[in-house]
Amino acid sequence: MRPLVSLNARQTEAVQHDAGPVLVLAGAGSGKTRVLVHRVARLIEQGRARPHEILTVTFTKKAAGELVERSTGLVGPAAADIWVGTFHGIAARFLRRHAEPLGYPANFSIFDRDDQTRLLKELVKDANIDESLYHHDRIRHFIERAKNEARGPEDSGGPEQAPELMRELYARYQARLTGLGAMDFGDLIFNLVRLFRRQPELLERYRARFKHIMVDEYQDTNHAQYLVVSMLAAAHGNICVVGDDDQSIYGWRGADIRNILEFERDFPGAKVVRLDQNYRSTTNIINAAAAVIANNVSRMGKDMWTDNDAGATVTVYTAADERDEARHIAGSLEALGTARGQAAVFYRTHAQSRAIEEELVRRQIRYVIVGGTRF
C-alpha cells in the first residue's frame, strides 16, 4: 500500500476513511487537493472502487485538470477513467447520453450569456412589454435563480411570490429553448435533476455505477447541485465533500451555505475532519484572518494554525477616498525599493484600479495588470 508520509494526521484521517459520508472542513492553504488526490488513489489501490466508479466534481476546469494530473502521478494512466469535471461539465456528459426523455436531442446546443440576451430581448419585444419594467437582465436573473433552486416555470414563485408575467416569460423562454434544441448553463444542472426524477431506473443505474462521490468547494453548491449529488449518493452514502464554511462568498449566484452546515443532518453518521494546519501563510496572516472570521454567524468552527514564521505584521489604513488610497499604495510600494517587483495589489472590482494606475504612472512605477485591461 502506498505510504502516506506526505500527509499530516488530519489529512491521513480524511484519506483513510473507508465508507460512509465524510465532511472535510478544509481551511485556506490546508492541502485539500492533496487529500482529494490521495483519497482517490487509496480507493483504487484498496480495491474499493475502480477508476470509472469514482465521480469527482470540482468547480473549475483548472481544478479538474490539476486533480487528474496529480492522480495520474499516484495511480498511473488508470486515472484517465475517473469521472472528473465541473458540475456543468459532468451534467452535460450525462445529458449528452440521456437528453431525449426530456425532449432534447443528444447534440443539443448550449446557450451562453449573449445567446440568452438575444432570446430574452426577442421575447420581451414579441410580448410588447415595457423593457424598463421587465429588462432582460432582470428576467435572466429570475430564471437563473429559479434553476439554481431547481424550480421550473410552473413552481417558480419561491419565497417571494413572483409576478405572473415573470413566470410566463420563464415558461416562454424554456419553450423557445426546447424548440431550438438548446439549454442554458442553468438547464444543465436542473435538467439532470429532472432526468433523475423522471427516469428512476436510470438514477439507480448510476447509483450502482458510482461507488464513491467526491465534491470539492461544497460550500459553493446551490440547491440544484446539492440535489444531484444527494440523489446519486442516497443508496450507499459514500460521499466525501470538501469545503470551508468560512469561505462561502457566492451566495449572490445561488450558493447555499446550508448545504455544508447541514451536511451531518442530511447524511446521518457523517464523519467530520477539520484540516486546520495552513501551509501557505505566515502566522500573522493566519491570526488576523481568524480574528475576522470569528465574527461569522453561520459557521462550524475551526482554529487555523501554521508552523510558518510570524512574517510581517498586518497594518490597516483608512483612506479618505480612492485618490488617498492610491497615494498610500504607491507610497508603500516606493518604500520597498527594488523589492516592489515582488509586491501585489489586490482590489475587489476592476473600476478600483484606475486611481491606483494613474498614481503609479505619475510616480513612474511600472506595473502589470493581471486578468484585466489597463486603463
Side-chain angles (χ1 to χ4, degrees), residues 1-8 10-24 26 29-99 106-107 110 188-189 192 196 202-218 220-221 225 228-229 231-233 235-243 273 275 279-280:
M1 192 64 62
R2 185 182 307 278
L4 300 177
V5 294
S6 64
L7 305 179
N8 64 34
R10 294 286 179 86
Q11 291 170 339
T12 300
E13 183 181 2
V15 168
Q16 292 185 326
H17 178 71
D18 290 332
V22 56
L23 166 61
V24 181
S30 61
K32 67 182 181 67
T33 303
R34 177 181 295 182
V35 166
L36 282 173
V37 169
H38 277 79
R39 183 165 173 78
V40 168
R42 296 290 283 187
L43 290 172
I44 295 173
E45 289 182 337
Q46 291 176 345
R48 297 186 178 279
R50 290 175 290 180
H52 69 274
E53 294 173 333
I54 300 173
L55 174 64
T56 303
V57 188
T58 65
F59 260 79
T60 66
K61 291 182 180 179
K62 180 180 178 181
E66 181 183 1
L67 196 143
V68 171
E69 180 181 350
R70 292 171 64 172
S71 295
T72 302
L74 289 179
V75 302
D81 293 330
I82 303 169
W83 275 50
V84 181
T86 64
F87 268 104
H88 292 98
I90 293 291
R93 189 171 176 179
F94 274 111
L95 293 170
R96 291 294 182 197
R97 301 181 178 191
H98 309 289
N107 63 341
I110 300 176
L188 293 175
I189 311 297
L192 185 55
F196 285 158
L202 184 67
L203 174 59
E204 289 301 323
R205 179 173 135 197
Y206 280 107
R207 279 175 175 169
R209 161 75 178 273
F210 296 117
K211 295 181 178 179
H212 283 270
I213 297 168
M214 284 179 279
V215 186
D216 192 12
E217 304 292 1
Y218 194 64
D220 292 330
T221 53
Q225 293 164 339
V228 167
V229 295
M231 293 165 89
L232 286 171
H236 51 64
N238 293 331
I239 179 171
C240 171
V241 302
V242 181
V273 180
L275 303 185
Y279 292 92
R280 182 186 305 156

Could you please spell out the steps behind the side chain to side chain contact (heavy atoms under 4.5 Å, CB included) verdict for Arg48 and Asp18? CA-CA 9 Å; Arg48 297 186 178 279; Asp18 290 332; 3.6 Å; yes
Got a second to check how far [X]'s [atom1] is from [Y]'s [atom2], nearest 0.5 Å?
X      : Y      : atom1 : atom2 : answer
Leu232 : Leu192 : CG    : CG    : 7.0 Å
Ile90  : Gln225 : CD1   : CD    : 12.0 Å
Ile54  : Leu43  : CD1   : CG    : 5.0 Å
Arg96  : Asn107 : CZ    : CG    : 7.0 Å
Ser71  : Leu36  : OG    : CG    : 8.5 Å
Phe196 : Met231 : CZ    : CE    : 7.0 Å

Counting distance only, does the side-chain N/O of [X] pair as donor-acceptor with the main-chain N or O of [Y] below 3.5 Å?
X      : Y      : result
Arg39  : His17  : yes
Gln11  : Ser30  : yes
His236 : Phe210 : yes

### Query
Above 12 or not: heavy atoms from other molecules or residues under 6.0 Å from CD of Glu69?
no
Sub-4.5 Å side-chain heavy-atom contact between [X] and [Y]:
X      : Y      : answer
Asn238 : Ile213 : no
Leu275 : Val24  : yes
Ile44  : Ile82  : yes
Met214 : Val242 : no
Arg97  : Arg93  : yes
Val215 : Phe87  : yes

Considering all heavy atoms, the nearest Asn8-Tyr279 contact:
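Nearest pair, atom of Asn8 first, then Tyr279: ND2-OH, 2.7 Å.
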- prompt: Looking only at heavy atoms, which two atoms of Ala63 and Thr58 are closest? And how far apart?
  reply: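 Minimum heavy-atom contact is CB-CB, 4.1 Å.
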- Does the pair Lys32/Glu217 count as a salt bridge with the N-to-O cut at 4.0 Å? yes
| query | Under 30°, 30 to 60°, or over 60°: which ring-plane class applies to Trp83 and Phe94, parallel, tilted or perpendicular? | reply | tilted
### side chain to side chain contact (heavy atoms under 4.5 Å, CB included) between Leu188 and Leu95, intermediate numbers included
CA-CA 8 Å; Leu188 293 175; Leu95 293 170; 4.2 Å; yes
